[in-house]
Amino acid sequence: MTEKKVQFTVQELAQHIGGAVEGNGDLVIKAVASLESAGKDELSFLLDPRRCNELKTTQAGAVIVPKDHPPAQTTLICVDDVQAALSKVLELYSPADDLPAVGIHPSAVISDDADIAPTAAIGANVVIHNRVKIESSAIICDNVTIGSDVIIGAETIIYPGTVIFRRCKIGRDCRIGPNAVIGSVGFGYYFSDGKHNRIPHAGWVEIGDEVDIGANSCVDRAKFGPTRIGDGTKIDNLVQIAHNVQIGKGCIIVAQTGIAGSAKLKDGVMLGGQVGIRDNIVIGSAVQAAACSCIAQDVPDGAIVAGIPATDAVKWIRGAKIIPELDKLRTKVRQLEKRLGEIESSTNH
Amino acid sequence: MTEKKVQFTVQELAQHIGGAVEGNGDLVIKAVASLESAGKDELSFLLDPRRCNELKTTQAGAVIVPKDHPPAQTTLICVDDVQAALSKVLELYSPADDLPAVGIHPSAVISDDADIAPTAAIGANVVIHNRVKIESSAIICDNVTIGSDVIIGAETIIYPGTVIFRRCKIGRDCRIGPNAVIGSVGFGYYFSDGKHNRIPHAGWVEIGDEVDIGANSCVDRAKFGPTRIGDGTKIDNLVQIAHNVQIGKGCIIVAQTGIAGSAKLKDGVMLGGQVGIRDNIVIGSAVQAAACSCIAQDVPDGAIVAGIPATDAVKWIRGAKIIPELDKLRTKVRQLEKRLGEIESSTNH
Amino acid sequence: MTEKKVQFTVQELAQHIGGAVEGNGDLVIKAVASLESAGKDELSFLLDPRRCNELKTTQAGAVIVPKDHPPAQTTLICVDDVQAALSKVLELYSPADDLPAVGIHPSAVISDDADIAPTAAIGANVVIHNRVKIESSAIICDNVTIGSDVIIGAETIIYPGTVIFRRCKIGRDCRIGPNAVIGSVGFGYYFSDGKHNRIPHAGWVEIGDEVDIGANSCVDRAKFGPTRIGDGTKIDNLVQIAHNVQIGKGCIIVAQTGIAGSAKLKDGVMLGGQVGIRDNIVIGSAVQAAACSCIAQDVPDGAIVAGIPATDAVKWIRGAKIIPELDKLRTKVRQLEKRLGEIESSTNH
């Protein structure tokens, strides 16, 4: 009834990550932990050079370190790239993600004309509509709903509770959801006859390869043509992508950010959390925006912005720190005005 | 196995939208596209008069234009109202929305005493509790959960994954969800005995006719009586409406906006994205709030506001643009103070 | 077919809440309402002393009042603690929450090795994976998905559509969801070989006792070890809690707030709506942050903060109100500079 515990020796881990052991390779490692919290049967890692001193005090059984590491008391695994090595180790200690087994769960409701690869896995209570194509080794988790004419690329995982609407195309090796919504109708109305009339949305959503979209995030379908998200772009939880938005390749979009209709992000854009982007503007390639920025106009390639409205980040952050002093500043200006007036009247006479 | 492609001739489209053809009425149109991207078998439209010049360069097979249009090389459909005509055309090119067929899907779990109109459609894996009433031609999509004593009005669509709690009333011709939550318990506690104690919420949610509520949005039920959303109000994705909020008719509420408990919006309010509204305040009729505004006090009818805290939009936007210069402004004031001090000491002596 | 209406006499209500009747104890009360809206068969309450005058004008059949209440015309129920008494009354008038009956609904898909208490209730279309433990009197509502090795504590309710990933531990008497996501993969990547590479997340989420997490909120699992939420903490709708965040006991986190990776909140923190908290910072115990604050650095115990970036609340709010005047202030400084220059040149000569 209990979960099988995963464990490896230091030597086994070193082989897996291509590292060299300094110390006790026979030590058994049961989990990964930080330098300050790790215990005797746990592995830690030195990613931030400012924490070198903790190598002397850590209780970790072993530590992954870069090759040019400082002296340490504990067993070490020396590697070229600590971050990549840590990722490989975390994968070893990650249990399989409750993913459905290959094949179709008997409770799933699947249209007769769906085209599901024999190596795909379809979970419990999944609903799949007409002419859907699920490619090889794709995994559709429990309680997912997929509309007609959708294509799900090879090795992509759709997490539980996600809803994907008709005609959306999702690429290879993506992670979507849980409880995300892809291809819902965009928010478009026109005012006529004294009310807001719905504009039909004939478009769809096109998502490239290796795209991640987090929990409870929404990507609306376009009025016509595609709302598009480029290869390798990673989107966090609770993000809103409106109709007709065009997002380039390799972008990072942190939680609770919202991108309004027809905005365009070029490649490599990085948006902090809770950023807002106005409709119809263009964010240049490799732009970085600080959390909580509200971007209301085009941003040139490579700019680093912050603020409401967003502008040069250094200037805005420096200026915003003065807001709490504005009361004093205004008082001082009034006093200067008064003193100046006194001088003026005395010198005029 | 493939989706049936929709296509119409220019003449058929013109008849459908009540327009007059200038050019080749036999041309076959397969999709709608923008002026700059449309091809020979696509229809475009001239909505923004500033884009008149594109009529000369567009590759579109045909363009919907207003009757007072400038000269063009391409086939035209002339109409009174381009936006309304475009909406009708987009509807033609929109495939049916994966909607369940009339009747009850065999996988749905429905209480014996639910009252479901014979023309209603109930999708796969839907769960419907006691005494629910589903009116004529309403559509309940896959994986929806509906609590007891709920009423869903005629022709309303509840999109997949949405959860509606007990006693909520949803009007006619609404669109709710997907993955939205209506009538969940409000966020109310009182501190006593050293902890936050839950306040039960005996109320419900009442939604008028022709109301839209987007993906992953939440409307909490009231402590007592209804949380209320008026006829014709349109709410985007990821919006939070707290307990006891009262929203008037014909409001527009853009994505990621949050409205705190017992706030009141009168008719015709328009809120940009990511707006926050404090509890217990009143937003006057036809108020407009810019995206990212944080409204902390009552706003009079017709006001246009922006900022944190929100105030007159023109003043706030003008002022906020000066924030990045505050450092310089403060330095200048200090210099003035010093220079003034020097003058004062020289004139005093 | 119709919902049973709940009603009690004033005397019955007074007994239930331990109050003393002044007036007509036989009056029948059908609902709770506010002082200004209550009718003859409704009960109201006096929570805010500034509303004492409404006791003279209310049409309520009866009113719950504190023992030191002012004179009134209507029937009263006098109690020590109006808020606690009101909560007890609201509970009486709240219908049961569409909760599934004890036992396992036949449509649920449950792993053979799940350990479900005989007093637990499992709703329709629930999916429960391997080795899950559901403790006594816990309630798993319809369409919920629970991953392997999850523990759900006694008397906890998981509302419809919620997804809980593998290895998460949820305490006793919690309320989670609807459509919430607990234990989804954190948003962590490292850039290498020209792309963002996923960092596996081997951790989980640990939620204490009496914790509430609202509709469509997300709590990500840690890279290793737990993301942790302490006993008695209450989290509203659409909140984002990132990987490795540590939240103390008795915190209040209002809707649409986002807390970035590895941030730490000590006990009793209260965050208004739409607050953003930077990764890796520490928020001291009993800190209060105003709605829409963006907290970018550590906050000491007991501080009250507001603003972007957040700082002392009184100073920031006072300063932010001056932003709309910055244009005038800058103009005034320029004029002072000019006048001062004139004085300087006249005195220099």
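Worth knowing before you read on, the calculation uses all heavy atoms, side chains too, and leaves out hydrogens, waters and symmetry mates. Naming convention: chains lettered A, B, ... in sequence-line order (proteins, then strands); numbering from 1 in each chain.
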Side chain to side chain donor-acceptor pair (under 3.5 Å) between C:D220 and A:N237, intermediate numbers included: CA-CA 9 Å; C:D220 286 350; A:N237 300 340; 2.9 Å; yes
Interface residue of largest heavy-atom contact number with chain C, from A:A291, A:A124, A:P178, A:C292, under 4.5 Å: A:P178
Partner chain C: residue of A:V89, A:D173, A:I322 with the largest heavy-atom pair count (under 4.5 Å):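 The answer is A:D173.
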When you compare the side chain of [Y] with that of [X], does any pair of heavy atoms fall below 4.5 Å?
{"X": "A:P160", "Y": "C:F165", "answer": "yes"}
{"X": "A:E337", "Y": "C:Q335", "answer": "no"}
{"X": "A:S87", "Y": "C:Y190", "answer": "yes"}
{"X": "A:N216", "Y": "C:V181", "answer": "yes"}
{"X": "A:D327", "Y": "C:K321", "answer": "no"}

Report which part of [X] has an atom under 4.5 Å of a heavy atom belonging to chain A: side chain, backbone, both, or neither.
{"X": "C:N197", "value": "neither"}
{"X": "C:I146", "value": "neither"}
{"X": "C:T257", "value": "backbone"}
{"X": "C:A306", "value": "neither"}
{"X": "C:V239", "value": "backbone"}
{"X": "C:H196", "value": "both"}

For A:D212, salt bridge (charged side-chain N to carboxylate O under 4.0 Å, His left out) partners two or more places apart: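 Per chain and number, A:D212 pairs via salt bridge (charged side-chain N to carboxylate O under 4.0 Å, His left out) with A:K234, C:R198.
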[X] to [Y] - nearest heavy-atom pair and separation:
{"X": "C:A202", "Y": "A:L90", "value": "CB-O, 3.7 Å"}
{"X": "A:A320", "Y": "C:P309", "value": "CB-CD, 3.8 Å"}
{"X": "C:F224", "Y": "A:S34", "value": "CE1-N, 3.4 Å"}
{"X": "C:F187", "Y": "A:I235", "value": "CE1-C, 3.5 Å"}

Can you tell which part of [X] gets under 4.5 Å to a heavy atom of chain C, answering side chain, backbone, both or neither?
{"X": "A:E210", "answer": "both"}
{"X": "A:A84", "answer": "both"}
{"X": "A:L43", "answer": "neither"}
{"X": "A:A215", "answer": "both"}

Point-to-point distance, once rounded to the nearest 0.5 Å, from [atom1] of [X] to [atom2] of [Y]:
{"X": "C:I308", "Y": "A:I323", "atom1": "CD1", "atom2": "CD1", "result": "8.5 Å"}
{"X": "A:I343", "Y": "C:L340", "atom1": "CD1", "atom2": "CG", "result": "7.5 Å"}
{"X": "A:M270", "Y": "C:F191", "atom1": "CE", "atom2": "CZ", "result": "8.5 Å"}
{"X": "A:R175", "Y": "C:S184", "atom1": "CZ", "atom2": "OG", "result": "11.5 Å"}
{"X": "A:S94", "Y": "C:R167", "atom1": "OG", "atom2": "CZ", "result": "8.0 Å"}

Close contacts, residues 273-280 of chain C versus chain A, judged by heavy atoms under 4.5 Å: C:Q274, C:V275, C:G276
Please rank [options] by heavy-atom pairs under 4.5 Å with chain A and give me the top one.
{"options": "C:L326, C:N125, C:V314, C:I317", "answer": "C:N125"}
{"options": "C:N130, C:V333, C:N143", "answer": "C:N143"}
{"options": "C:T311, C:V144, C:L329", "answer": "C:L329"}

Side-chain donor or acceptor of A:D142 paired with backbone N/O of C:V127 under 3.5 Å: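 Not at all, since once roles are kept as given, no pair shorter than 3.5 Å links the two residues.
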Side-chain donor/acceptor of A:Q256 to backbone N/O of C:L238, under 3.5 Å: yes
Atom NZ of C:K169: over 12 foreign heavy atoms under 6.0 Å: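 Yes, enclosed.
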